[in-house]
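Atoms considered below: every heavy atom in the structure, side chains included; atoms not considered: hydrogens, waters and symmetry mates. Numbering starts at 1 and runs along the sequence shown.
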Amino acid sequence: MTPDGSGSDDPTAAPRLSAAAGPVSAQVPQSLADLVRRGVLDETQLGAVVTALAKPEPRPTPARLLAEIAAYAGAGLLLSGLVLVLAESWDDMAKLGRFVLFVLIAVGLTVAGVATAGGWQALFRPAWSRSAPAGHTARARLAAVFFALAAVSIAAAAGSILDDGNDTTDLTWVYAAVAGLVAAVAGYAALPSLLGLLLCAGFSAAAVSGLLDEVFGLDDLAGPGLLVLGFGWLGVTRLGAVLERWAGYAAGVVLAVAGAQTVDVVDVRWPAYVLTAVVAVVCFALYATDRSWVLSLGGAAALTLAAVEAVVDWTGESAGASGAILVVGAVVLGIGSYLLTRSAKKSVPR
């Protein structure tokens, strides 16, 4: 009999809470039980923690939900009005006028985003110091939309002032992508959000492709550039610089596979599927350190694509080779399933 009356002498067993701990489940997670055994938490504190974790998030009131919908609708109508005004007066505006207009829009959206987020003190906190639920409040979501629209406005401002009017050597979109990337990264650093992350990924892909192809004339390096960019996204996500880890990993996998598939080597196909297989290896290596479903799914998809392309390249769509790949895949799947089942049986306490 233990002092807490749980009736178990096993030191590895999760402690049970007394009646003083409050109306919580008698069985607590093992990680919290370890904290009690080490003296970090006492039983009362443990009960408070379990109660807080088990308590569901409060549903928004109808008034708050209506206010959020009205805010989004107002932002959409404002954006639509600006687009219509620009479409009607674009040809009559000078280059400087367009630039000033977009800058003013970006400044207004930024000020609105800062005010909505709760002031500067709520911004520019490291992603790893934020909790995921904290970034999903109504005010945070609306502020993230403002910052995203501000980044798009900065990109439009850069494109309008740097437009040389030459359609054959027009680098406007490249300059716009670079400016948009800088603004999007600043907005995400201020307030991490899924929308901001997707904007950063899109602008980064456009900036890398445009700089290598249009500015430096290295069109053969556009594919490797995207591959390196994808690995960079995987790296910064693994290091914790991205709050939405699944989205950061997804962006990295998509960009890396796209870069591997667009490697341009004359009359040679093997670099594409070899590099795609490398992407799969990197995904599985990261999965060993961070159990994200995106890494496992992305690695499996990249490996499948590489295997199919290799078989087609080596055998010319031979049915025998395809069947061999099918058999090997089935064997590997069976071995993996057996090992997982055996590991699960060993982990079950007796």
Side-chain angles (χ1 to χ4, degrees), residues 194 197-209 212-213 218-340 343:
L194 179 59
L197 180 66
L198 296 178
L199 206 61
C200 289
F203 275 133
S204 64
V208 168
S209 299
L212 291 175
D213 189 6
L218 303 174
D219 54 334
D220 293 339
L221 295 181
L226 286 179
L227 177 64
V228 174
L229 178 64
F231 286 154
W233 271 100
L234 292 174
V236 297
T237 303
R238 181 61 187 88
L239 292 175
V242 173
L243 185 63
E244 303 80 5
R245 299 176 72 87
W246 70 269
Y249 283 137
V253 171
V254 170
L255 291 174
V257 171
Q261 288 292 304
T262 53
V263 172
D264 188 11
V265 180
V266 180
D267 297 330
V268 177
R269 299 178 60 183
W270 64 265
Y273 55 78
V274 168
L275 291 175
T276 303
V278 171
V279 175
V281 172
V282 171
C283 289
F284 290 137
L286 288 175
Y287 182 74
T289 63
D290 188 4
R291 300 300 180 87
S292 172
W293 63 270
V294 177
L295 292 174
S296 60
L297 184 61
L303 184 60
T304 301
L305 179 60
V308 170
E309 291 179 337
V311 168
V312 172
D313 187 30
W314 294 344
T315 66
E317 302 182 13
S318 170
S322 303
I325 291 292
L326 183 62
V327 172
V328 170
V331 171
V332 172
L333 178 60
I335 294 174
S337 301
Y338 170 74
L339 293 177
L340 285 175
S343 176

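Judged as a side-chain hydrogen bond (donor to acceptor under 3.5 Å, both in side chains), not a single pair has a partner in residues 220-230 (not counting sequence neighbours).
When every heavy atom of V263 is checked against every heavy atom of P271, the shortest pair comes out as CG1-CB, 4.2 Å. Taking both residues in full, the closest heavy atoms of V294 and A250 are given as CG1-N, 3.5 Å, listed atom of the first, atom of the second, then distance. Shortest non-hydrogen contact noted between L255 and A205 is CD2-CB, 3.7 Å. Annotation for L197 and A247: closest pair CD2-CB, 3.3 Å, computed over non-hydrogen atoms.
A search for side-chain hydrogen bond (donor to acceptor under 3.5 Å, both in side chains) contacts involving D213 returns nothing, not counting sequence neighbours. Qualifying side-chain hydrogen bond (donor to acceptor under 3.5 Å, both in side chains) partners for S204, counting only residues two or more places apart in sequence or in other chains: W233. For V254, there are no side-chain contact (heavy atoms from CB on, under 4.5 Å) partners at least two apart in sequence or on another chain.
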Candidate pair V278 and F231, rule side chain to side chain contact (heavy atoms under 4.5 Å, CB included), full reasoning: CA-CA 11 Å; V278 171; F231 286 154; 4.2 Å; yes
CA sep, side-chain torsions, deciding dist, call: L295, L234, side chain to side chain contact (heavy atoms under 4.5 Å, CB included): CA-CA 9 Å; L295 292 174; L234 292 174; 4.2 Å; yes
Chi angles and distances behind the side chain to side chain donor-acceptor pair (under 3.5 Å) call for S292, R245: CA-CA 8 Å; S292 172; R245 299 176 72 87; over 6 Å; no
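Between W246 and L194, some side-chain heavy-atom pair lies under the 4.5 Å cut-off. Here the side chains of L297 and V253 are not in contact, with every heavy-atom distance at 4.5 Å or above.
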Please list every donor-acceptor pair under 3.5 Å in which a side-chain atom of residues 280-288 meets a protein atom from a residue at least two apart or in another chain.
none

Could you list the donor-acceptor pairs under 3.5 angstrom formed between side-chain atoms of residues 300-309 and any protein atom two or more places apart in sequence or on another chain?
| unit_1 | atom_1 | unit_2 | atom_2 | d |
| --- | --- | --- | --- | --- |
| T304 | OG1 | A300 | O | 2.8 |
| E309 | OE1 | Q261 | NE2 | 3.0 |
| E309 | OE2 | Q261 | NE2 | 3.4 |

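Not one N or O on the side chain of S209 forms a donor-acceptor pair closer than 3.5 Å with the backbone of A206.
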